[in-house]
Structures are given as structure tokens and as C-alpha cells.
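We number each residue from 1, following the sequence as shown. The structure displayed is predicted, hence computed values, not measured ones.
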Amino acid sequence: MAEKAAKPHKAAKPHKEVGLGGAIAIMVMILAIMVVGKLFMNFDTGMLCLIVALATTVVYVFGYGFTWDYMFKEGVIPMVARASGAILILLIVGPMIAIWMAGGTVPYLIKVGLSILRPSTFLISASVICAISSVLTGTSWGSAATFGVALMGIGHGLGINPAATAGAVIAGSYFGDKISPISDTTVLAAATAECDIMDHIKSMMWTTLPAFCIGLAVYAYVGSSSADTMDMTRINEIVGAIEKSYKLTPLVLIPAGVMLVLSYMGKPTIPVLWASMVSAIPFAMMQGHSLPAIVKIMASGPKAATGVKMVDSLLSRGGLSFMSGSVVVVFFAYIFAGQLECTGTIKVITNAMRERFIKSSVGRLVFSTSLTGIITALGTGNSYLSIIMPGIMYRDPFDEFGIRRNVLSRTLEDSGTVVVPLIPWSAAGVYMASVLDVPVLEYLPWTIMCYSGAVLAWIYAFCNIAIFRNKTAESK
């Protein structure tokens, strides 16, 4: 038994070093698989990440002599272990969304959001309503498909340019999605950069909030000449369906308040989500759900029955199974990400970029990270991949510059999450154009928040604004 324990590890087997040419070829291969898989074959993102992991395994094992045992223990396991917190958050967020829906928290806030709609500020109101919805539900797609569709109809009635309405809807939906602690892309960006999710959200406020305000200012100017009357039929239909189906009282906001207060007190994210979830149970019971029914809702999601299809679609989200697809993507992506890290592939590329382009410039570092995210988004049309690829490539350079990881995570979202709906061949672009019935290139100029955030990120970086330093770097 003792002799077996002392047996040399398989990692001792010699292997070739990955050079710059080989590293670039591997990254090109990964990008090519993603582009072909998403654009031409419409592969599921989780399966696409698995295919990439298979391809990188073949290259490293047969081309460079690495063993699977070595890559698994030195690359995959450490990478997945670092992502375990994010995976757990994704799994907890599903039941929390479901209980917020069932308890009336989200329906109440949707009703309040719709009440702010006014003719003279229609574009601003449309953007803010979708932002509120996305913050609470964690989904830009769901907000655009429900409130966005209703607001498009109202905008037509007012004679407002459909492209402007669509742009305001998309900008608001993605603003809320971007800063929501229950959004999958928010959690993914924080996980990829390996930083606390609340630190990530606070950092994003430096670019996302000004970008959103710039958009609102433009919408205010454009909407100032709108008529003073509007057809409230669709809004009244939504509000009436919610009021008829839920017992609404300001008390149902307690779960949201618990999450906000504990988060800004600096409490750990997972216990905060648990506390918010538990505090919502009494309100779900107030809506008429029994305890066994509540547990079932948290597992498989609520089934709203308001009688209005678009409302039912939005309020039937959440549940443990709801987030399973996101967990699969993270897990499989981290298989090939771990291989890229432990074989030195990423290090070779980032070292070359630092020596030949980035050098000692923080501005060029942030710009390179941002550009990599945009290129990945253009190539794959996928928000997850546009976050993961630059995230795993630039973590070490950010550390070497003494810059906190929440600046990296912010850059990933500024150049990934919100850029994807501006790409005509991306899933988000196709979805938004179909749901809102406005071509991507027509609504693109009006989605001001989506592209001005990246520009602000570049300006900040070159002007050394909101570039937060690690304590060790600050002391030098």
C-alpha cells in the first residue's frame, strides 16, 4: 500500500512547451469552433463549450504531450473550485427569483413601475420601466418581450419613432440586467474575474450609470415634443391582471429590502440571498400557496395565471431548474479555461501582448481587454463567451498591474453583455429584432447605454479614473 502511494505522478511525463505561434493557433481554433457552432450550426452554448473542451484536450494530449490527469488536477479542478461560489449563487438565484414572483414582490414593483409612465417622458419612462423589471427578474430578454412589446404598441400610438422606442427598451433592459445581483451575466462576470459580486456591481456603476444617464438625457430631448395624451389600454390591462391575481401591499417589498440592506452592509452574497429567499416565504403563503407548493415552486418555477399572456410569461420565471443551463455553460467553459491556464497558453499570449502593445499602459490593458470581448462577441454572438474569453486571458495582467479584479469584471460587461444585442447575427440581436419588430441596425443608434459604457471605460482607463488599485499596489 505504501509503495503504491509513493508512485510518481503522471504529470512527471515530459511535454512540449506551448510557444506563441501554438498559443495563437489554439485560440484561433477555439474562436473558429465558436463562430461556426453559433453562427452556422446554432449549437447550444453549453454543448459548444464541451466541444471546445474536447478539441483543446486532443491538441494538448496528442500535440504537446500533456496528460489528461495533469490537466484535470492542475487546471480543471482548481478552476472549477474557484468558480464553485458562482455556481452556488446561480443555483440559489433560481429559487429566489421563483419565491419573489410567487410572493408578489416582483408583481408589486412592476405595477409601481408602470405607474410612472407619462406622455411627455415616454422614452425615459420606457427605459426606466424595463430597467426596474430587469433588476428584479435578472433578465433583459424577459423584460423586452413583456413590457417592451407593450411599450412598442404605446409608442406607435403616440407616433414615436419605433427605433427610438426599441432602443430605449433595450438600453433599459440591459442596464437592469447588468446591475442585477440575480442576473446570470452579472454573476458570470464576477465569477470569471474572481471577485465579489457586490464589488463588481459597485464598480460597474462608474460606467453603467453615467452611460444610462446619457441615454436618458437624449430620450428626454427627443421625447419633449411628444403629445400629452396616450392610450393606456395595454398598461391598464397589465396592471389589472396583476392586481386581480396578487394581494399587493408594500410589505411584499421586504425580501427586496432585506437583500439590498444586507448587501450594502457588506454581508457575504450567499447568506444574503438565503435571507432574502426565507423572508419571502410568508408572503408567498399570503398569496395562497401552501408550504409544499412553495417548495415545488422554488424547484421548478411558478406558473402565473393572470389571464394576460405577456404577464404570465414574465411572472413564470425562476426555480432551481431555471438556472441549470447557465451552470452547465460555466462548468464546461471552465474545463477548457483550466487547460489554457495550466498549460501556459494564456500566459504566453498575454506576455506577448504586454511586451509588444500594452507595455506599462493601464489604458492599453483595459482597451485590449475590451477589444477582445468585442471581437469575441462579434465572432460568436454570445454574451457568455464574450465574458469568459477575455476574463481568463487578462486576469494575470490585471494582477501584475496591481489593479483590482472588479475593474476587470466591469470591463468584461462593458464590452460583452451590452454589446451582443447590437450585433445583427447574435442570438440577442435576432431575438430583440424579432420581439420588438425593429431591425438591429435601426435601433442600434438609440441603445446609447449599450455602446457608451465601453467608450467611458476606455476614457477612464487612459485618464486613470476609477482604476481601483490593490492595497499592495497603493502602498508602493
Side-chain angles (χ1 to χ4, degrees), residues 27-39 42-49 51-52 83 86 139-141 170 173-175 177-179 183-195 200 204 207-208 211 325-326 328-330 332-334 336-337 340 346 349-350 353 365-395 398 405 407-432 440 444 447 449-458:
M27 297 304 290
V28 169
M29 177 194 73
I30 292 172
L31 189 61
I33 292 173
M34 290 177 176
V35 170
V36 173
K38 291 303 296 183
L39 296 189
N42 196 29
F43 284 168
D44 172 80
T45 305
M47 286 303 302
L48 187 58
C49 289
I51 292 169
V52 170
T139 169
S140 52
W141 287 30
I170 293 168
S173 297
Y174 274 87
F175 170 79
D177 189 331
K178 202 176 174 191
I179 65 171
S183 166
D184 52 356
T185 52
T186 305
V187 175
L188 180 62
T192 303
E194 296 179 6
C195 71
H200 166 56
M204 278 200 298
T207 53
T208 305
S326 300
V328 168
V329 170
V330 173
F332 286 147
Y334 272 42
F336 73 80
L340 292 172
I346 295 174
I349 293 176
T350 55
M353 288 192 66
L365 171 62
V366 172
F367 180 76
S368 297
T369 307
S370 177
L371 190 61
T372 302
I374 292 171
I375 291 172
T376 305
L378 287 168
T380 67
N382 184 268
S383 57
Y384 282 9
L385 300 177
S386 66
I387 290 171
I388 292 170
M389 287 298 292
I392 61 178
M393 285 181 65
Y394 291 96
R395 281 186 300 215
F398 269 76
R405 291 286 185 89
V407 178
L408 170 60
S409 64
R410 179 181 76 202
T411 306
L412 298 179
E413 290 231 65
D414 287 337
S415 309
T417 304
V418 294
V419 170
V420 174
L422 310 183
I423 300 171
W425 54 85
S426 71
V430 171
Y431 178 85
M432 293 297 172
V440 173
L444 188 153
T447 56
M449 190 279 300
C450 293
Y451 54 80
S452 56
V455 176
L456 286 174
W458 303 340

In short, Ala457 meets Val366 closest at the heavy-atom pair O-CG1, 4.0 Å
Under the side chain to side chain donor-acceptor pair (under 3.5 Å) test, which residues partner Ser173, sequence neighbours left out?
none
Closest contact, heavy atoms only, Thr369 versus Phe398:
OG1-CE1, 3.4 Å
Only counting residues at least two apart or in another chain, list the ones meeting side chain to side chain contact (heavy atoms under 4.5 Å, CB included) with Ser368.
Met353, Phe357, Ile358, Tyr394
Who passes salt bridge (charged side-chain N to carboxylate O under 4.0 Å, His left out) against Asp177, sequence neighbours left out?
none
Output the distance between atom CD1 (Ile170) and atom CG (Leu444), rounded to the nearest 0.5 Å.
9.0 Å
To the nearest 0.5 Å, how far apart are CD1 in Ile388 and CZ in Phe332?
12.5 Å
Under the criterion side-chain contact (heavy atoms from CB on, under 4.5 Å), I'd like the reasoning laid out for Val440 against Ile423: C-alpha separation, chi angles, the key distance, then a yes or no.
CA-CA 7 Å; Val440 173; Ile423 300 171; over 6 Å; no
Nearest heavy-atom neighbours spanning Pro390 and Leu412:
CG-CD2, 3.7 Å
Side chain to side chain donor-acceptor pair (under 3.5 Å) involving Thr208 - partner list, sequence neighbours excluded:
Lys178
For a quick test of reading the model, state the closest non-hydrogen atom pair linking Asp184 to Tyr384 and the distance between them.
OD2-OH, 2.5 Å
Count the heavy atoms of every other residue, nucleotide or ligand shown that sit under 6.0 Å from CE of Met47, and state whether that count exceeds 12.
no
Determine whether Val420 and Ser386 satisfy the following criterion, side-chain contact (heavy atoms from CB on, under 4.5 Å), listing intermediate values before the conclusion.
CA-CA 8 Å; Val420 174; Ser386 66; 4.1 Å; yes
Rounded to the nearest 0.5 Å, the CE atom of Met449 sits from the OG1 atom of Thr207 at a distance of 9.5 Å
So how far is it from Ile387 CD1 to Thr417 OG1, rounded to the nearest 0.5 Å?
3.5 Å
Report the residues that fulfil side chain to side chain donor-acceptor pair (under 3.5 Å) with Thr411, sequence neighbours left out, ordered by chain and then residue number.
none
Quick one: CD on Glu413 to OG1 on Thr192, what's the gap to the nearest 0.5 Å?
9.5 Å
Side-chain heavy-atom pair Pro421, Thr447 within 4.5 angstrom cut-off
no
Can you find a heavy atom in the side chain of Leu340 that is under 4.5 Å from one in the side chain of Met27?
yes
So, for Asp414 and Ala454, which heavy atoms are closest and what is the spacing to 0.1 Å?
O-CB, 3.6 Å
Just jot down the ring-ring contact (aromatic ring centres under 6.0 Å, His included) partners of Phe367, sequence neighbours excluded, or say none.
Trp458
Minimum heavy-atom distance Ser409-Ala193, with the two atoms named:
CB-CB, 3.6 Å
Rounding to 0.5 Å, atoms CG (Leu365) and OG (Ser370) come to a distance of 11.0 Å
